[in-house]
> 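Before I ask anything, here is the structure I am working with.
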Amino acid sequence: MQAFVVRDHAGGRSATWEEVADPSPAPGGVVVQVRAAALAWSDVLQMEGGYVGAVPDPPFVCGHEFAGEVVAAGEQAQHRPGDRVFGFLAGPGAFAEYVAAPSGLVRRTPDALSDLDAAAFTTSFLTADAALVAVGGLTAGRSVLVHAAAGGVGRSAVQLAHVLDAGLVLATAGSPARRAAAEAAGATASAGYDDFADLVRERTGGRGVDVVLESVGGDVFDRSARLLAPFGRLVTIGASSGTPPQRLKLPLLWQRSISVCGVHIGRLLAEQPELLEPSWNRLLCLLAAGRITPGVGLVVTPAGIRHGIEALRSRIVDGRVVIDFTVGTAS
Ligand SMILES: NC(=O)c1ccc[n+]([C@@H]2O[C@H](COP(=O)([O-])OP(=O)(O)OC[C@H]3O[C@@H](n4cnc5c(N)ncnc54)[C@H](OP(=O)(O)O)[C@@H]3O)[C@@H](O)[C@H]2O)c1
């Protein structure tokens, strides 16, 4: 089969479509013929070597999120050949014609959901829900600041906070057009990464926000921690800037009665999936009721994956970039 493989060369990393061995199902697992896979900025950072976090040594197949049809099932798998499913891999491996996954990491695709939308759903919404609700403690009436709110997780978090009746949904994004997209998704007001502190102070009367969803890293993390209201929680999920947070002084936590927490959806799915059941139930109900939408911003072919990468690099896509495998791979 064809897969998008990352390799190290003397001049750095590169990824290309290559022929690799077909996978077979593990006991309790399935093999899925991929019809769509979502490309995230974190995939690009993993391909190019700037990801803040654990990545396997090359060569490895890129990508985490996919949707398609089960073509083989191991003993005691929860799905059968012919089932439409979508899912998320704990490690990279989804940009391939066939993906082997444990049954617990895939779900039946709702009939009304296209494969393109299904591929874009899991990381964005499950991460947003786990971060805001399970870890961040967001409830109706509370205030939230969502960073990078025109991207996949950010846009999903804004939608969720809005439908969960958060009292105030503040957002950041990298350009006026992207801030407008965040407001269209449900943000009360938005600002850039340089001036979000002014927005938070102004809109909260200086009190600060109850929850921050932080994914940019570096100085954005450090400044956001100072904007938490007493007993507020900052949930950190990544560092899209490529720079980890560096300056937070821990005494700030007890001096201001605030918490900093982290969540990694791949780890939770692989190691404690039961903790995510309330999130899955809430999200699938909201999806069925049409109250949240996956938000595919750009569809590319496997041969056009570079176009998707460049679109993410130039930060022009509102929502998710999805690779349509039904048009064939790059071979
Ligand atoms: N912990 C977890 O379980 C988990 C799960 C999923 C994702 N994540 C992390 O969450 C972050 C967002 O993921 P995503 O899937 O939403 O990604 P995405 O859709 O590809 O969006 C990335 C976002 O990052 C923003 N950004 C800020 N600084 C950037 C920079 N220097 N270069 C490029 N983009 C930059 C971009 O918005 P602007 O251009 O508007 O700034 C864009 O909206 C990533 O860091 C990812 O690793 C973590």
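Remember, it's 1-based here, ligands and their atoms both numbered in the order they're listed.
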> For ligand 1, which atoms, with element, lie under 4.0 Å from some heavy atom of A173?
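Those qualifying, in numeric order: 40 (O).
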
> Could you check whether any side-chain N or O of D195 sits under 3.5 Å from a backbone N or O of G192, counting only pairs where one atom can act as donor and the other as acceptor?
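Yes, because the side chain of D195 sits within donor-acceptor range (under 3.5 Å) of the backbone of G192.
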
> Any idea which protein heavy atom is nearest atom 10 (O) of ligand 1, and the distance to it?
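Result: I237 CD1, 3.5 Å.
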
> Which ligand 1 atoms are under 4.0 Å away from a heavy-atom of G174?
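Counting atoms of ligand 1 from 1, those under 4.0 Å from G174 are 38 (P), 40 (O), 41 (O).
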
> Quick one: look up the protein heavy atom nearest atom 3 (O) of ligand 1 and list residue, atom name and how far away it is.
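Its nearest protein heavy-atom neighbour is I265 N, 2.6 Å.
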
> For ligand 1, which atoms sit closer than 4.0 Å to a heavy atom of S241?
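Going through ligand 1 atom by atom, the ones under 4.0 Å from S241 are 31 (N).
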
> Can you pull out the closest protein heavy atom to atom 42 (C) of ligand 1? Residue, atom name and distance to 0.1 Å, please.
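Checked against all protein heavy atoms, atom 42 (C) of ligand 1 sits closest to R178 NH2, 3.5 Å.
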
> Under 30°, 30 to 60°, or over 60°: which ring-plane class applies to Y193 and H147, parallel, tilted or perpendicular?
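Aromatic pair Y193/H147 classed tilted.
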
> So E19 and Q2, side chain to side chain donor-acceptor pair (under 3.5 Å) or not? Walk me through it.
CA-CA 5 Å; E19 196 65 25; Q2 288 280 303; 2.8 Å; yes

> Of all the non-hydrogen atoms in the protein, which one sits nearest to atom 5 (C) of ligand 1, and at what distance?
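For this ligand atom, the closest protein heavy atom is T127 OG1, 3.3 Å.
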
> Flag G154 as yes when one of its N or O atoms lies below 3.5 Å from any N or O atom of ligand 1, and as no otherwise.
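No, no N or O pair falls under 3.5 Å.
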
> May I ask which of L45, V44, I316, V263 has a heavy atom nearer to atom 1 (N) of ligand 1 than the others do?
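Checking each option, the heavy atom nearest atom 1 (N) of ligand 1 is found in V263.
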
> Return the residue, atom name and 0.1 Å-rounded distance of the protein heavy atom closest to atom 39 (O) of ligand 1.
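Result: R315 NE, 2.7 Å.
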
> Could you pull out all donor-acceptor pairs under 3.5 Å where a side-chain atom in residues 250-259 meets a protein atom, sequence neighbours excluded?
| from | atom 1 | to | atom 2 | distance (Å) |
| --- | --- | --- | --- | --- |
| R256 | NH2 | R226 | O | 2.9 |

> Just distances here: any N/O of V153 and N/O of ligand 1 closer than 3.5 Å?
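Between V153 and ligand 1, an N or O pair is found under 3.5 Å apart.
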
> Applying a heavy-atom cut-off of 4.0 Å, say which part of T123 lies close to ligand 1: side chain, backbone, both or neither.
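Contact part for T123 vs ligand 1: side chain (C-beta onward).
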
> Identify the closest protein heavy atom to atom 45 (O) of ligand 1: which residue and atom is it, and at what distance?
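Nearest protein contact, heavy atoms only, for atom 45 (O) of ligand 1 is S240 OG, 2.9 Å.
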
> Mind checking whether G238 has an N or O less than 3.5 Å away from an N or O of ligand 1?
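Between G238 and ligand 1, no N or O pair is found under 3.5 Å apart.
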
> Would you call E48 and R313 a salt bridge, using N to O less than 4.0 angstrom?
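A salt bridge links E48 with R313.
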
> Closer than 4.0 Å to some heavy atom of H264 - which atoms of ligand 1 meet that?
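With H264 as reference, the close atoms of ligand 1 come out as 1 (N), 2 (C), 3 (O).
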
> Quick check: does any side chain N or O of D222 sit under 3.5 Å from a backbone N or O of L248, one acting as donor and the other as acceptor?
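Indeed, once roles are kept as given, a pair shorter than 3.5 Å links the two residues.
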
> In terms of atom number and element, which parts of ligand 1 are under 4.0 angstrom from non-hydrogen atoms of A40?
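It comes down to these atoms of ligand 1: 15 (O), 20 (O).
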
> What orientation do F4 and W17 show, parallel under 30°, tilted 30 to 60°, or perpendicular over 60°?
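If you compare the ring of F4 with that of W17, the planes turn out tilted.
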
> Would you mind checking which non-hydrogen protein atom is closest to atom 25 (C) of ligand 1, with the distance to 0.1 Å?
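The closest heavy atom on the protein side is A148 CB, 3.8 Å.
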
> Is there a side chain to side chain donor-acceptor pair (under 3.5 Å) between R320 and S124 once you walk through the steps?
CA-CA 9 Å; R320 303 302 311 274; S124 296; 3.0 Å; yes

> Do the side chains of R35 and D324 get close enough for a salt bridge, i.e. N-O under 4.0 angstrom?
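Answer for the salt bridge query: no.
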
> Counting from 1, what ligand 1 atoms have a heavy atom of S42 closer than 4.0 Å?
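Numbered from 1, ligand 1 contributes 46 (C), 47 (O).
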
> When you check the gap from the basic side-chain N to the acidic O, do R108 and D111 get nearer than 4.0 Å?
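D111 and R108: not salt-bridged.
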
> What's in the same ILVMFWY side-chain cluster as V52, cut-off under 4.5 Å, chained through other members?
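Reading the cluster by chain and number, V52 sits alone, since nothing else belongs.
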
> Using distance alone, determine whether G319 and ligand 1 share an N or O pair under 3.5 Å.
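There is no such contact.
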
> Spell out, as yes or no, whether a donor-acceptor pair under 3.5 Å connects the side chain of R291 to the backbone of C285.
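Flag not set: sc R291 to bb C285 has no pair under 3.5 Å.
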
> Name the closest protein heavy atom to atom 17 (O) of ligand 1, giving the residue it belongs to and the distance to 0.1 Å.
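Going by distance alone, atom 17 (O) of ligand 1 is nearest to W41 N, 4.1 Å.
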
> For ligand 1, which part of A239 has a heavy atom less than 4.0 Å away: the side chain, the backbone, both, or neither?
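Within the 4.0 Å criterion, A239 contacts ligand 1 through backbone atoms alone.
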
> Any side-chain to backbone donor/acceptor pair from R233 onto V211? Under 3.5 Å, distance only.
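Absent.
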
> Show the numbers, then the answer: is there a side chain to side chain donor-acceptor pair (under 3.5 Å) between T123 and E65?
CA-CA 7 Å; T123 332; E65 288 178 276; 2.5 Å; yes

> Which atoms of ligand 1 sit under 4.0 Å from any heavy atom of S215?
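Within the 4.0 Å cut-off of S215, ligand 1 contributes 10 (O), 11 (C), 45 (O).
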
> Just distances here: any N/O of Y193 and N/O of ligand 1 closer than 3.5 Å?
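Yes; at least one N/O pair falls below 3.5 Å.
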
> Could you list which atoms of ligand 1 come closer than 4.0 Å to a heavy atom of G152?
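Within the 4.0 Å cut-off of G152, ligand 1 contributes 16 (O), 18 (P), 19 (O).
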
> Between ligand 1 and L312, is the shortest N or O to N or O distance under 3.5 Å?
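Min N/O separation from ligand 1 is not below 3.5 Å for L312.
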
> For F221, run the side-chain contact (heavy atoms from CB on, under 4.5 Å) check against L234, T243, V216, V212 and tell me which one passes.
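Checked L234, T243, V216, V212 against F221; only one passes side-chain contact (heavy atoms from CB on, under 4.5 Å): L234.
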
